[in-house]
Amino acid sequence: MKTWTRVPEEDEGLSKGLVVGCEDGSLYIFDQQCPSILVDTVDLPPPGVVQSPRSKSTMQNPFQYSRSTSPSAAPMPFLVSPRPRVVSGVSKELVEAPKNYVDFDDEPDKLKDMLKGKNPSNKAVSDTASERTASVKSPSSPLTPIIPSAPTKRKELSTPPNSSRPFSAPVSPRDRTSLDFDLVIPEDLELRYHIIPRTNGAGNAVESVSVLVDSLICVVLQESGILYLFSLTDGHCLTSVQAKDGLSREQLSPKDRDVLYETYAWHNLQVTTTQQGTYLIASASNRGGTPSAASDIEDIPQERTLSVIYGLVLGREARPMQHSLEFLGTWELDCIANSLNILTNPDGRDLTFCIDTDGTLCARNLKVLPTLPAPPSLPESESTSAHINIPNPFKLKSKSSEHLPIQGTKINFKVLLDEPQELGRLLLDTPLCGFTIRPGANNLFGLVWTEKELIVVECSGEFDVLYRNPVEDVMDVQWLDDNHYAVLYEDRVEVYDMQHVDANNDSVQGQHITGARYYPNLHISIPIDHWDAAYFPSPSELLIVSSDPCGREICVYSWDEDSSVPVPQRLFRAPAPVSPDAAATALFPLGVGLMLQGNSDGYLRLLSLEQLCQTSDAPPDPIKVSDRPLNGYITGFHLVTNFRTKDKYIVGGADDGSIAFWAMHNLELCGRWVLFNTALSKVVQFPEEKGSPLYGCVLCIAEDGAIAVIALDEFQFLYLIPGASVKLETICLGGHNLLLMYGDRRCRLWDVQTKEFWRSMGVEKAHEMLDQGGWTRIDLDSGSCASSTVWNVPAPLPKSPDAASMMSLQAERFITSTIAIAKTISTSRDQTRVILQSLDHLRTILSALLTPGFNDDMDSVCKEKLRVGDSGVSVGLAIADSITLYNIKENGEVWCISGNVTAARLLSIVLVLKAVALFEEYAEAASSVISYYTTSLPTYVGAGYKPPSLPYLANLWFQGSMELRQAIRVVFDATISAMSDEEAISIVEHWQIHIPCLQIPSERESTTAALSLFICGYIAAEKYSFMSAPVLREISKSISLYLLDETSTYRVLAIDLCSRGFNVWQYYIDAMEILRSLFMLATTSRKNDISPQNVGAQARAAVLFIATTNTPLFMSTLGLDILTPPTLEHRRSVLQIVAFLIRKRPSVLQPNLPRLMEAVVKSLDPNNTTNRDAVLDTATEIIGYVVKTFPTVDFHMSSQRLAAGTNEGAVVMYDLKTAIRLFVLEGHKKPITAVSFSPDGRRLVTLSMEESVALVWKVGASFISFFTPGAPPRQGNSGGHPFKTFNFNIGSEANMSATEVLTQVKSEWASDRSVKLKIRNSTLTFST
């Protein structure tokens, strides 16, 4: 549990919050400040991308446990008001039965300890004094055995880190000046959202939390070693890393390599800030200290702490997705994780303090080096007390060699940890539980606690034990400030004051009084019952999370110097509702529109998507219900297939450890067994392979790794494979052996025939065996198979009501498949039904996304025209490695959370509405709703509206489909249009420094550079008049850089920017070179050589845009490249572009058609046989398209002549055999409308609508024309006049545009000398 206090900018008021971590790995965020909504809204669901179906019962019931060992009244999770059911749960206390496992490697060591008189339970690592979670833990980790006869209750404690606070470089690690959290008003907290990380469930408990107030970032360490950075603005994951990912076997020395094989439990997270930056230090302890099976090291200490340090690289505010954690190094010490402390000197140096296994308090200097150094030879002066610079420096003793730890000093990567310097030694009669240190104004105090004793020591000057007090059942000890500390017991909290006293224990003033010393005095004792987590936001305040059968609450205790026992004041209350009969505990998609729901009453119910999302108070009538219930609540579903009969079955489990099989077609219960002591976690089915020993079998895996093998034929339980104390990660089948690979890098071989374990090995030996072949591998983390490709279950947490009723929708895939269905032509009733069902699905999703209540007219359009009803679904946000569910009370709040949430929801609305618009009767209404949400919504929401995040949209654009990109463009353009000119300029100035052309070559392909070009480019294309010439020049150069680089992965971005703002970029780059590149990209057939994205379609769109907006430049480049291409391949591409334009945009070519045809004809020069043969097919295709499309061009096949009319009234005749111009006919004074050859090729009719005249020309070859090349044939008269002239008058029908001419003017030859000219509805017949 952790609090924060921050004064936001722009006078938004004081923002205070509380983070509560849970055993299932999730986080709950509470806040005191709500968004300001200016309009009263109706009660509808919150925003996001993650679809969270829920039933009415989900809101009302945190279900009762069905295990016999469970309490009758389990503590209830956090619940909010009835409506927002999607954020309504903190995991309940797990009371588990003994695990069913045998770990052969651990048994000998446990036996040795028992023979020595040691209790194996003494090896358990105690809770750390660093920020622990606020969940209610079971007596032990889900992956460790539990002895039911002697259960022990473990509280989850949350305290400030023992390092310097993460906001500046203070002297004291717990300086509270920036963390005061004055929570004194009852009912002061409000649940804002629930964060569910990618890693959740058993083994992923939140162990430590820290808040970076200035950046509003929450740093979370899970038990499994995953470090997360979450944004406190909207809860999305900024980055994540596995703590040991930076380690590799090659980088570690042989003596250090054993850390890779240890099963470490991560507990401690400390954040320190120095002049160099902010560092995160995660520490873990080995579980029991048992060496791995693969280790060759002897005499390994029983208690060890592994620490890993990461550097926090914060992105700028406009680049929230660019935060990163840089691995710096690691070290390993012989101590428990709860005794490691890190302090920062006034000069910025970091010091580590810990108590070794022999009871010696040691200090070490910790340095983070800029580069990987060679092991330095430190001068002796650096090992003196002056090197550890804190108030009243230590009088250090030189540590003798006999007390040096077994693991020597290490220099790893960028971290330098000095030799230990001994401060003193403690004689401890019982195992050490924890140690915490705190520098006072002039002193350095330490608190040491064991199972039976609490010791206060002073480390300034001579090491001195100030106070020893026998205590029992100490849960944690925390420093509150320089002179106060708190001791937390199960039933009370005691706060002590370090007073300066004389020999008679009377308080004295002054630091140099003879015989005076420091002594702790009990300041206040606070009785507390039923508490689950505790945190001190200030020295005079205590936050408590407690639970009882009536619910769960957060209370604050406040006191001062003169106060008596403080009275708790409630900040948040989640009452326990009356348990209904059928709360949803699991969901499973059976298709796009069918959902299988597991309930707390043990029944399965099949519901349609529309039923699941309805708002009716009464539960829907399910399509099907299972015939018999299980004896507990359903925990999850899996789908398997009988390879012999091809029948499909649903496999599920209940909380009583049972496994059940249901027939998929009728939900009939086929088989049920109670086999496990923990819930079913995974179901594995190896691929169909006859002859395999597990053919036709299903492997059901429990949370503790136990495996039940069940044959699908006749549903026979075959045998049970014992589990282990660590997580099972991989199962491999080879021959008659089953290889089980665990999280501690140990592996075991199970013989399927003899049904026993026969070998244990390390992971490297296992990999050598797998490399020999013949093995089938299944990774359990890959998730179970569902029958739906658009839905999945991201967090199967049955004890969390909101997570249990949550489904994740793959929106892009859903829309793509729906569009494909909508575009099909129905030929049967079944196809029509599928099309209408897809429309219903779109309406259902849309009902969850829309936020009515702002505009009555638009609400009417949605309900009456689009037929979109109300929804009982809440929508969250899925980004990277997390899902966030929001507690929304008013519709307008969904648009006031963050730019990411707004962008995700708005994009989803546009994406769905564009799919709805494919149905003609809804197209107009869908367009109206899109326009309203993208342009008008901010006005209705008010000042709290958060505009869509441009970086969020840009990131999605790069890997999105065409449908998604189009929706992004709509939202992006609307966001830019709503910006003021000053805002646009400010954003461009911010991102300009990351433009690709300004980066070094290695950084030009970075995500940041591409995002910068995307944002700056699109803003400049719309608001170029406000941009400076240098900015436009840099953007243009970057576009050219990406476009001309054949290896660039962001070529598609450059192409798209060319289609948006080429009229801007052409003045700063070689425009013809860009055009030529687009020609090649638009016609290339080797798409994989360019980009995995659809570059060709984008390039063709850019060519169309340029041809329309800059026709002169386009035609000049086109004609030049046809006549004098740089390569033959380029000429072929250009001709293909011409054919493409004729089909898609003929009006662009029409004014320049004569020039184009001359270039095409010259490309067929018979004197250049190679070029002619290469382009002959394409040129012939182009001529065919031109003749069919444009009436001003005609071709006569027998004579191979081509006639092209011009806008000047001339007709040019070409001979395609010789690729030359034969002659020019000049009889018209105005543009020619149409030309047409007679069937025998001896007559040519030309038509000019503006002149209302038709001319007939003799164009056949004659003996005289042989002697007058270049001259037109004689027409039977002198002066070059046409053979015949026909004037006509058809009135207004002659008035038509150039586009209409293409379709409204036709010529038909009745015979060689009779032609009909059809103009609109008029027909003119001439004799030629």
Side-chain angles (χ1 to χ4, degrees), residues 1111-1112 1115-1116 1119 1146-1162 1183 1186-1187 1189-1196 1199 1201-1215 1220-1238 1241-1260 1265 1268-1307 1309 1315-1320 1322 1324 1326 1328:
T1111 304
M1115 295 305 302
S1116 299
S1147 58
V1148 174
L1149 296 178
Q1150 191 171 18
N1152 301 277
L1153 199 56
R1155 294 175 54 194
L1156 177 63
M1157 297 313 299
E1158 181 159 352
V1160 172
V1161 170
K1162 289 185 177 181
I1183 293 173
V1186 169
V1187 172
T1189 306
F1190 299 97
T1192 56
V1193 179
D1194 197 15
F1195 175 69
H1196 189 260
S1199 62
R1201 290 188 175 185
L1202 179 73
T1206 67
N1207 290 330
E1208 292 76 19
V1211 178
V1212 183
M1213 186 71 69
Y1214 298 97
D1215 183 7
I1220 61 173
R1221 178 192 296 183
L1222 290 177
F1223 49 83
V1224 177
L1225 302 175
E1226 296 177 334
H1228 294 281
K1229 304 300 182 184
K1230 293 185 178 181
I1232 293 179
T1233 306
V1235 299
S1236 179
F1237 280 103
S1238 64
R1242 302 184 65 83
R1243 297 289 188 269
L1244 178 70
V1245 175
T1246 61
L1247 173 68
S1248 175
M1249 297 294 295
E1250 294 187 20
E1251 293 180 312
S1252 295
V1253 64
L1255 304 180
V1256 179
W1257 305 84
K1258 289 182 178 181
V1259 293
S1265 62
T1268 57
R1274 295 185 61 178
Q1275 303 299 321
N1277 51 53
S1278 58
H1281 296 290
F1283 176 62
K1284 288 184 180 181
T1285 301
F1286 299 100
N1287 295 309
F1288 60 87
N1289 185 359
I1290 58 175
S1292 61
E1293 290 189 352
N1295 300 325
M1296 62 181 67
S1297 64
T1299 304
E1300 291 177 319
V1301 168
L1302 301 180
T1303 57
Q1304 299 298 326
V1305 178
K1306 302 290 183 182
S1307 60
W1309 289 85
V1315 62
K1316 293 181 180 180
L1317 296 179
K1318 295 183 178 181
I1319 305 171
R1320 292 189 189 274
S1322 301
L1324 305 177
F1326 303 103
T1328 61

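Here the structure is a predicted model, which is why all the values come from computation and not from measurement. Basis for what follows: all heavy atoms, side chains included, without hydrogens, waters or symmetry-related copies.
- Heavy atoms only, all atoms of each residue included: N1152 and T1111 are closest at ND2-CG2, 3.5 Å.
- Each of M1249, Q1304, K1306 was scored for a side-chain contact (heavy atoms from CB on, under 4.5 Å) with I1319, with one residue passing: M1249.
- The two residues T1189 and P1146 come nearest to each other via the heavy atoms CG2-CB, 3.8 Å.
- Nearest heavy atoms, G1119 versus A1159: O-CB, 4.3 Å.
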V1245 vs F1326, side-chain contact (heavy atoms from CB on, under 4.5 Å): CA-CA, chis, key distance, verdict = CA-CA 10 Å; V1245 175; F1326 303 103; 5.6 Å; no
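- Remark: K1162 NZ is loosely packed, at most 12 non-hydrogen atoms of other residues, nucleotides or ligands lying under 6.0 Å away.
- Rounding to the nearest 0.5 angstrom, the gap separating the CH2 atom in W1257 from the CG atom in L1244 is 9.0 Å.
- For E1251, the salt bridge (Lys or Arg N to Asp or Glu O under 4.0 Å) test picks out no residue, with sequence neighbours left out.
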message = side-chain contact (heavy atoms from CB on, under 4.5 Å), that's the test. Do V1305 and K1318 meet it? Break it down for me.
response = CA-CA 6 Å; V1305 178; K1318 295 183 178 181; over 6 Å; no
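- Contacts of A1298 classified as side chain to side chain contact (heavy atoms under 4.5 Å, CB included), with partners at least two apart in sequence or in another chain: Q1150.
- Separation of atoms NZ (K1258) and NZ (K1284) is listed at 9.5 Å; rounding is to 0.5 Å.
- Geometrically, R1201 does not engage F1195 in a cation-pi contact, judged by NZ or CZ lying under 6.0 Å from the ring centre and within 45° of the ring axis.
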key: Verdict with supporting geometry, L1225 and T1246, side-chain contact (heavy atoms from CB on, under 4.5 Å)   = CA-CA 10 Å; L1225 302 175; T1246 61; 5.6 Å; no
request  = Test side-chain contact (heavy atoms from CB on, under 4.5 Å) on V1224 and M1213 and set out the steps.
outcome  = CA-CA 6 Å; V1224 177; M1213 186 71 69; over 6 Å; no
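- Counting heavy atoms from C-beta on, the side chains of L1222 and Y1214 never come closer than 4.5 Å.
- Taken from CZ in F1190 to OG in S1147, the straight-line distance is 8.0 Å, to the nearest 0.5 Å.
- To the nearest 0.5 Å, atom CG of residue D1215 and atom CZ of residue R1221 are 13.5 Å apart.
- With sequence neighbours left out, F1237 forms a ring-ring contact (aromatic ring centres under 6.0 Å, His included) with H1196.
- The shortest non-hydrogen separation linking P1273 to V1259 is CG-CA, 3.9 Å.
- Salt bridge E1208/K1230: absent, no basic N to carboxylate O contact under 4.0 Å.
- Contact check for L1302 versus P1191: side-chain heavy atoms found under the 4.5 Å cut-off.
- For the atom pair R1242 CZ and T1328 OG1, the distance stands at 11.5 Å (nearest 0.5 Å).
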